Amino acid sequence: MEYDFRRIEKDWQKKWKESNAYKVENDFSRPKCYVLDMFPYPSGAGLHVGHPLGYIASDIYSRYKRLKGFNVLHPMGYDAFGLPAEQYAIDHGIHPALSTENNIRNFRSQLDKIGFCFDWDREVNTSKPEYYKWTQWIFLQLFNSFYNRQTNRAEKIEALIKSFETVGNAIHHSALTTHPFSADEWKKYDEKKQQDILMQYRLAYCGYGEVNWCEALGTVLANDEVVNGVSERGGYPVVKKKLRQWYLRITEYADRLLEGLDKVDFSEAMKEMQTNWIGKSTGAEVEFRVGSRESGVSLRVYTTRPDTIFGVDFMVIAPEHELVEKIKSKEQTAAVDEYIAYVKSRNERERMAEKKISGVFTGAYALNPFNGREIPIWIAEYVLAGYGTGAIMAVPCGDQRDFLFAKHFNIPITNIIGSHYNGEEANPTKDAILENSDFINGMIMKDAIDVVIKKIEQMGIGVRKVNYKMRDAAFSRQRYWGEPFPIVWKNGIAYPLDEKELPLELPHVDSYKPGPEGEGPLANIPAWTAKNLETNTMPGYAGSSWYFLRYMDPHNDKTFCDRKISDYWNQVDIYIGGTEHAVGHLLYSRMWTKVLYDLNLIGFDEPYKRLVNQGMIQGSSRIIFIIDFIGYKGNIMGHEAANEDRLHTKPVAVSYDLIEDYIDDGDVSISNLFNRLSAYSVTLKGLDSEYNFTSASAVGRHVNINLVDGFFLNIDEFKKERKEFSDVEFIYDTTKGFTCKSEVEKMSKSKLNVVNPDDLVMKYGADTFRMYEMFLGPVEMSKPWDTKGIEGVHRFLKKFWRLFTGETERLIVTGEEPTAEELKVLHTAIKKIENDTERFSFNTAVSAFMIATNELTDLKCHKRKILEPLLILLSAYAPHITEELYHLLGSSYPLSPDSYRDGEGAGAEGSILNASYPTFEEKYVKETSKAYPVSVNGKLRTTLNISLDAGQPEIEKLVLENAVIQKWLGGKPPKKIIYVKNKMINVVI
RNA sequence: GCGGGUGUGGUGAAAUUGGUAGACAUACCAGACUUAGGAUCUGGCGCCGUGAGGCAUGGGGGUUCGAGUCCCUCCACCCGCACCA
């Protein structure tokens, strides 16, 4: 009986759909497991083989956990708002809602073919009003909350108002509020003033600030959406601009976001990335008086190394620093202005591209607060306005940048670390003993840090200070395709909409052009502006910051997620997705979770317990080389040939195995190539004695990977597909074939290296495809896609099928009792597969299936008692074939998830496997002796049978006690200890 | 520059706490059955050597009876951050 995977998969997918087989109930009585994939942005490009990798892994894990008796939540949805759909709308005039819907339909049909167990009843779509109603609602919670630094949590803004009304801002003084006020003063402020102050506390707030403005996209971008000075999407230039924007006060959560990393199971790399992004550093802010005592001007710098304060040889302030204008001396004014103009002329990208040392002296001096030394103040690009105070104290002997600057401008360098500084480069050590350092002379630098900070605080010229690289996140976009803000503006005051007015639906627009003065398209709609509604929309990450909660209770129209239900499903047990969201989505959703937790709306403050980052599947491109010869009539080497003497042959494509030795930087060594070509007796048109060929150049061209078998190109198909190459002559060894060069690149349409899962599913079936994707290697590892090898997995499934079915008979499964040998095969496999599945090592689990199948085939074992448990396990990996075989068996062990839910097949511990099949050791430790390899002085000598009584505890003890070894050595005691690791015995004599 | 990771056959890769390195698969070679097969099956397959045997986990060194695994050092590649004071 044939393994007719096409029929089988079609049938079962239909059956699953009709019976809603994967519907998940919020059944509080059962243990839960929440397995989540990062939901996709439904782009128009469709799926390539890299996309489903994570979904397959999570699907296998979900099905496995379900087998083990867990109530598994494994949902899928769409992150549907975003820039590309809107760009597409601008270019093609198709409404984003329409194109998104189309893309989703495509996506869904591709996913369905792979046989996932998603509960589609729980599908979420961030662009649907039913969903974004709650995104807006959560935004209002953020807007109506502030971070209470006393209690270290978010609280309702009312609590803050109450505090203001009783004690003013004595307790809660925001970083932005410079002036203290009393309760009475607060009460006297008009509403505008009060609201302006409150805005400085809200977790979602509106304010003026430097933002990343992308002209091409017509919007601002968050820091994580800007990569190397260009936009992450599209790669357009980004400039700094001062604009009124909405922000998320994520900086208040910096410490908790850091601490939270200790509680979650993320990779070191991921934790590192988030830690770097938050960029916490501790140090001090120190005030230096500028110029004379009377000037009253002072310069605040931030430093992590107050211990080096006597090594300060100059100060540097950022070009944008407010003191620039105040302190520049008359003599230096011209130079300073010129430098500032120069800096302004350079954009972000230029600054990053060439980091040259530049700067100018202000003419002003700061005074070292300890010894009154005059320190020149410079302006330089390398000090950033946005970090710390925008000013630094430069210590050239300890900081390489300061060192290079000092050398460049001939500023004398003070050495405070003795021999640790060699005059060649700075040494940032903290272990040196301080010299030339007044009252901290002789101290180790590490210890001096604290001493100096204390002294600074005593003198009232500075404070201990923690700094973060992370900035508040820009939360508004001048775009159409996003959630509208539930905000109404009146007299310059932002008022939240009433909850009852949600969702504030996105209105229809006819044009996606930006509104006046850099506003979003919503500003073009009179009905919208008439109501004074906010015209910006929320960024892409708004909807994705909380979607994992909505899956739990997707149809609730009373609340974003019922508290009882979120208490049940709780944290995501395992979250699977790429690393590209390391500092965007993952940080934002962690922050939102913490806010919701603080406001007592959910019961946990970290969304994801464990994170698995799937590797990128790269494309493996195939390239052929097309060579053009240019020849001339007669021997005119070195001369300019007349046109009519010129011959341009038809291009030839030369097989890579013939050409590779003869190509050097894209040029072809003609004589070598000709020798080669003549060896294959190739005649080129026009290639005769009449012409001298003086140049040839090879151009690599991508060819469609699907027309290549391994490295061998199917020339006929290629010519059919690419008409422009129809008259190219192909030169290759006909006994082998025409070979292409391979290159690992990103999978993309233009590289012609996209492998579509649909094609593979069509050819080998979904089960083969699923298992092959897993068999490729560890899920976390990036690797180029290679379809070679899928045959092996397919063969395995056919082989497995043949264990159950005969040539003609439907089933050849018998009811015989298994032998010990067969049981051992089974239990070895169960143990390995369960272990591997649990720890996400799917590639080795697939191997274990193959080994078991091979061995059972060798044993000609068709016994139900052996095959059935294996079949159950395989159902996690290859659900279609297993359903079919179960159906054929008419088994009492149900495979359909519906029945699992009823608990029919589940054993006491929730595991069919554990309940019915004790492990091999449990059943067969009746063995009386076991053979151990024995090595003497590190060399393997023999195996030794050692008697074992059932249940004997540790072999190590056993060996030492009954001295089998001694006996074997002829009574001589071994010189050294015998090391036994339950696997091997080593003897030293 | 800083941080993280990886390095094992022709290829993808195994080796759970230090215990017979290369499982499983693919490619390749040989063979069987076939009218034929891109079906199925058997054998071989790290390198050197006819052989016994020797050498092999990026290079070098160390700890250990024993190292792919632990330590030191150097090299190569990948990823992330990058004037963050």
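Remember, it's a predicted structure, so these values are computed and weren't measured experimentally. Chain naming here is simple, since letters A, B, ... match the order of the sequence lines and numbering starts at 1 in each.
- As rounded to whole Å, 15 Å separates atom P of B:C81 from atom CD1 of A:I278.
- Backbone-only engagement by A:S281 is indicated by non-hydrogen atom pairs under 4.0 Å involving sugar-phosphate atoms exclusively.
- A:D836 comes within 4.0 angstrom of nothing in the nucleic acid, heavy atoms only.
- There is a side-chain donor-acceptor pair under 3.5 Å between A:Y877 and A:T837.
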Stepwise side-chain hydrogen bond (donor to acceptor under 3.5 Å, both in side chains) test for A:S281 and A:N467: CA-CA 5 Å; A:S281 64; A:N467 241 311; 5.5 Å; no
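- The separation between A:I392 atom CD1 and B:A85 atom P is 10 Å, rounded to whole Å.
- Looking at heavy-atom distances under 4.0 Å, A:K271 makes no contact with the nucleic acid at all.
- A:K799 comes within 4.0 angstrom of the backbone, heavy atoms only, and of no base.
- Residue contacts for A:R471: at a heavy-atom cut-off of 4.0 Å it reaches no nucleic acid atom on any strand shown.
- Below 30°, between 30° and 60°, or above 60°: for A:F796 and A:F800 the angle between ring planes is between 30° and 60°, a tilted geometry.
- OP1 or OP2 of B:A85 has not a single side-chain nitrogen or oxygen of A:Y302 nearer than 4.0 Å.
- Look at B:G12: its Watson-Crick or wobble partner, with both distances under 3.5 angstrom, is B:C24.
- For the pair A:Y877 OH and B:A25 C1', the interatomic distance rounds to 16 Å; values are reported in whole Å.
- In this structure, A:D402 reaches neither bases nor backbone, as no heavy-atom distance under 4.0 Å exists between it and the strands shown.
- The partner of B:G1 is B:C81, judged by Watson-Crick or G-U wobble contacts that both fall below 3.5 Å.
- What separates CD of A:E780 from C1' of B:C78 is a distance of 16 Å, to the nearest Å.
- B:G7 atom P lies 7 Å from atom CE of A:M781, rounded to whole Å.
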With a 3.5 Å cut-off and sequence neighbours excluded, list the donor-acceptor pairs that the side chains of residues 845-854 of chain A form with protein atoms.
residue : atom : partner : partner atom : Å
A:S847  : OG   : A:N843  : O            : 3.3
A:T853  : OG1  : A:F849  : O            : 2.8
A:N854  : OD1  : A:K799  : NZ           : 2.8
A:N854  : ND2  : A:M850  : O            : 3.4

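- A:N854 has no side-chain polar atom (N or O) that falls below the 4.0 Å cut-off from OP1 or OP2 of B:C24.
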